[in-house]
Visitor: 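Mind looking over this structure? Questions follow.
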Amino acid sequence: MDDAPTPTASLDDEWFSVNAAARRIGVTPTAIRNRIKRGTLEVRNGNFGRLVRVPLTVPATVTLAPEEPARETVTLTPEERESLTVTLTVLRDHIAWLKDSLTKAERELESLRGSAAQLAVLEAQGEAVHKAAKLLRAQADEVRLDRDYWREQAQQLALRLSEQQVVQVPTPRRWWWRRRSGVSLPILTSR
């Protein structure tokens, strides 16, 4: 590493880090890095990174325009004064029209903002209705599945009952059993 200043460096210059040079000149560190890339600032490697040579007398980055002295008042002829009065009147009318237009536009903007708020509320409600409809469809599908399941169960049960139904032959009644229990037998008459 070369710690000695380069031959082109004058003794009035100082070496700074990129950030310190930016603070000294009054620009951003990115601007300093861009100047290094363009070759407008000298750079060397130091112990903690690159060092930039900044002259003690920093040239101004912006050229200031010389201040113009205030003009004196100009006297106008009556014709010039009249044309300026007409121009000022036209400009005042135009300014009044622009103010009215601005007021109307602001009112319209406020009504549109209100409409936008209403639209946002309606969109939110629409999304909520859509979600509710989706949930109802899911519930309806579950009810259909349950209905089909129970219909199938009922059909299987009906099939089992029809298979189990055998012609049941009435068991002969024991007439003597009634006599013992005290129930009287109906008397059958033949025709």
Side-chain angles (χ1 to χ4, degrees), residues 16-41 43 45-52 54 61-62 90-191:
F16 294 99
S17 67
V18 172
N19 289 335
R23 281 191 302 270
R24 173 143 180 153
I25 295 176
V27 294
T28 64
T30 305
I32 295 294
R33 290 184 195 99
N34 289 337
R35 288 181 184 186
I36 292 170
K37 287 179 189 175
R38 287 192 307 263
T40 58
L41 288 176
V43 65
N45 290 330
N47 289 336
F48 300 106
R50 295 190 295 185
L51 296 177
V52 180
V54 179
T61 57
V62 177
V90 169
L91 287 175
R92 281 189 194 118
D93 292 343
H94 188 64
I95 289 171
W97 178 81
L98 287 174
K99 285 181 180 179
D100 289 342
S101 297
L102 178 62
T103 305
K104 289 177 186 175
E106 286 174 347
R107 274 191 241 126
E108 185 176 339
L109 179 63
E110 285 302 317
S111 69
L112 288 176
R113 283 184 182 152
S115 298
Q118 290 174 352
L119 181 62
V121 168
L122 289 175
E123 285 178 354
Q125 289 175 348
E127 288 178 14
V129 167
H130 181 68
K131 287 179 183 178
K134 195 182 262 187
L135 288 174
L136 287 174
R137 282 190 204 108
Q139 288 176 350
D141 290 341
E142 288 178 17
V143 167
R144 282 188 198 105
L145 288 174
D146 284 346
R147 179 200 62 196
D148 293 342
Y149 171 77
W150 288 111
R151 181 180 288 163
E152 184 179 324
Q153 291 295 325
Q155 289 173 351
Q156 288 176 0
L157 185 60
L159 182 62
R160 284 185 196 157
L161 285 177
S162 66
E163 289 174 357
Q164 289 179 359
Q165 279 184 350
V166 224
V167 177
Q168 294 182 355
V169 177
T171 56
R173 295 187 183 182
R174 299 183 182 138
W175 57 272
W176 50 270
W177 186 261
R178 286 189 174 168
R179 208 180 272 172
R180 284 194 158 174
S181 63
V183 176
S184 62
L185 292 172
I187 301 175
L188 299 174
T189 56
S190 57
R191 292 187 192 189

Visitor: If you round to the nearest 0.5 Å, how far is CG of L41 from CG of L51?
Guide: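 These two atoms lie 12.5 Å from each other.
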
Visitor: With sequence neighbours left out, what residues match H94 under ring pair (Phe, Tyr, Trp, His ring centres under 6.0 Å)?
Guide: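 Residues passing ring pair (Phe, Tyr, Trp, His ring centres under 6.0 Å) with H94: W97.
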
Visitor: Could you give the distance from CG (L112) to CG (L119), rounded to the nearest 0.5 Å?
Guide: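 The CG atom of L119 is 11.5 Å from CG of L112, to the nearest 0.5 Å.
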
Visitor: Test of understanding: with salt bridge (Lys or Arg N to Asp or Glu O under 4.0 Å), list the residues that count as partners of E110, not counting sequence neighbours.
Guide: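 Partners of E110 under the salt bridge (Lys or Arg N to Asp or Glu O under 4.0 Å) test: R113.
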
Visitor: Give the intermediate values and the outcome of side chain to side chain contact (heavy atoms under 4.5 Å, CB included) for residues T103 and R107.
Guide: CA-CA 6 Å; T103 305; R107 274 191 241 126; 3.2 Å; yes

Visitor: With D141, which residues qualify under salt bridge (Lys or Arg N to Asp or Glu O under 4.0 Å), at least two apart?
Guide: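 By the salt bridge (Lys or Arg N to Asp or Glu O under 4.0 Å) rule, D141 matches R144.
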
Visitor: Would you mind reporting whether V52 and R35 have side-chain heavy atoms less than 4.5 Å apart?
Guide: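 No, their side chains stay 4.5 Å or more apart.
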
Visitor: By side-chain contact (heavy atoms from CB on, under 4.5 Å), which residues pair with N19, not counting sequence neighbours?
Guide: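 Once residues adjacent in sequence are excluded, the partners of N19 under the side-chain contact (heavy atoms from CB on, under 4.5 Å) criterion are S17, R23, P29, R33.
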
Visitor: So which pairs with a foot in residues 115-140 pass side-chain hydrogen bond (donor to acceptor under 3.5 Å, both in side chains), sequence neighbours left out?
Guide: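 Residue pairs with at least one partner in residues 115-140: there are none.
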
Visitor: Got a sec, which residues hit side-chain contact (heavy atoms from CB on, under 4.5 Å) with L102, two or more places apart in sequence or on another chain?
Guide: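 Result, side-chain contact (heavy atoms from CB on, under 4.5 Å) vs L102: E106.
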
Visitor: Which distance, rounded to the nearest 0.5 Å, do you find between the CD of E142 and the CG of D146?
Guide: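 E142 atom CD to D146 atom CG measures 7.5 Å (nearest 0.5 Å).
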
